[in-house]
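What follows is a single structure, written as structure tokens, with notes after it.
Indexing begins at 1, ligand by ligand and atom by atom, following the structure's order.
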Amino acid sequence: MIDLRSDTVTRPSAEMRRAMADAPVGDDVFGDDPTVNKLEDVAAQMLGMDSAVFVPSGTQANLIALMTHCQRGDEYIVGQSAHTYKYEGGGAAVLGSIQPQPIDAEADGTLSLELVKSKIKPDDPHFARTRLLALENTTDGKCLPLDYLAQARRFVNEHQLALHLDGARVFNAAVGSGVDVREISRHFDSVSVCLSKGLGAPVGSVLCGGQAFIQQARRWRKMLGGGMRQAGIIAAAGLFALENNVKRLSDDHENAEFLATGLQGLQGVDVVACSTNMVFLDYQCDFSRWESHLEEAGILAKVGKRTRLVTHLDVSRDDIEHVINAHREFFGECP
Ligand SMILES: *Cc1c(COP(=O)(O)O)cnc(C)c1O
């Protein structure tokens with residue numbers, strides 16, 4: 001099956017599995033796992049930050065970041081549709097006693113700094129203490145403009161807020177913006193990165209930040225049940241991903257572009273957006289018929305009112321051609 005539901009569906013390659021099997025390991029709770037230590041060093045270095053901590057998931061990376069930046073009764077400002085706010089079970093509020101202040105994002109994925117400013121609470125016992133601004137990059141595949149990141153940095157300095165990046169796909173953002181990832185990460189106090197999406201590792205994220213920040217983050221990780229033992233087995237996959245699968249993200253971006261171009265002009269298919277490895281579509285047809293047609297053609301997609309198709313390292317150019325042809329066949333006869 002050609003699986004376009006998400007870039008989380010990637011499977012570890014034979015070389016990645018070999019790296020996992022061969023990884024030297026130790027008890028990471030004692031700080032003894034050389035592969036975990038190496039992954040953390042490499043991740044921190046790639047992002048130009050002091051330190052990093054390896055965690056099981058992006059959700060835990062973001063939760064730990066929020067809990068490290070904010071204390072009980074503090075507030076963070078975040079996009080209404082941001083993953084940290086909308087798709088992480090309300091963890092910051094439930095487990096961190098942190099109040100979210102969600103705001104609508106602009107069409108380009110940025111949060112208007114004017115709007116953010118209007119939501120910062122005065123220093124008064126009536127209000128939660130506004131401590132943090134959280135951004136997401138990429139967001140719906142879109143790369144946040146680099147000059148906006150610089151403005152956001154100046155803004156948080158002026159207002160004494162911390163700045164966190166949910167960088168689940170920050171390497172897609174770097175490749176999509178044509179810059180080294182440090183040109184993005186340098187504006188932030190902390191960055192979470194998923195190793196298990198387009199980078200192709202089976203498990204894991206890293207949270208990067210300053211030394212004191214990561215030291216505190218390790219305490220929260222332990223408390224949240226994220227302390228792992230011979231985690232080098234999975235860290236090896238993340239390390240392999242960082243060392244081998246970053247540059248090739250441009251293939252995924254080119255495939256998404258190729259897909260969007262191939263679907264343009266088809267009757268009943270509106271290509272709404274295409275950025276980095278994501279194509280957004282509106283179909284004007286009977287969804288149930290369409291979904292079963294796709295499945296018969298060997299294609300998995302989550303079809304809905306707005307459909308997102310995601311390219312990744314297990315989808316080739318030939319696969320994309322097959323997907324375009326499946327659309328042509330079906331939509332040729334769509335009313
Ligand atoms: C996937 C993702 C996460 C983390 O999700 P996990 O499933 O916990 O790894 C966080 N933010 C964004 C934007 C994501 O896409």
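For the pair Gly176 and His253, the tightest heavy-atom approach, listed with the atom from each and the gap, is N-CE1, 3.8 Å.
Heavy-atom neighbours of Gln80 CD from other residues, nucleotides or ligands within 6.0 Å: above the threshold of 12.
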Show your working on side chain to side chain donor-acceptor pair (under 3.5 Å) between His327 and Tyr283 and close with a plain yes or no. CA-CA 10 Å; His327 280 75; Tyr283 292 118; 2.7 Å; yes

Output, in order, the C-alpha distance, side-chain angles, deciding distance and verdict of side chain to side chain donor-acceptor pair (under 3.5 Å) for Asn62 and His164. CA-CA 9 Å; Asn62 285 327; His164 171 67; 3.0 Å; yes

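Taking CD of Glu257 as the start and OG of Ser250 as the end, the distance is 12.5 Å to the nearest 0.5 Å.
Leu207 and Val36 sit in two unconnected hydrophobic clusters of ILVMFWY residues. Membership requires side-chain heavy atoms under 4.5 Å apart, directly or through other members.
Contact residues of ligand 1 (protein heavy atom closer than 4.0 angstrom to a ligand atom; sorted by chain and number): Ser57, Gly58, Thr59, Asn62, His83, Glu88, Glu136, Asp166, Ala168, Arg169, Cys194, Lys197.
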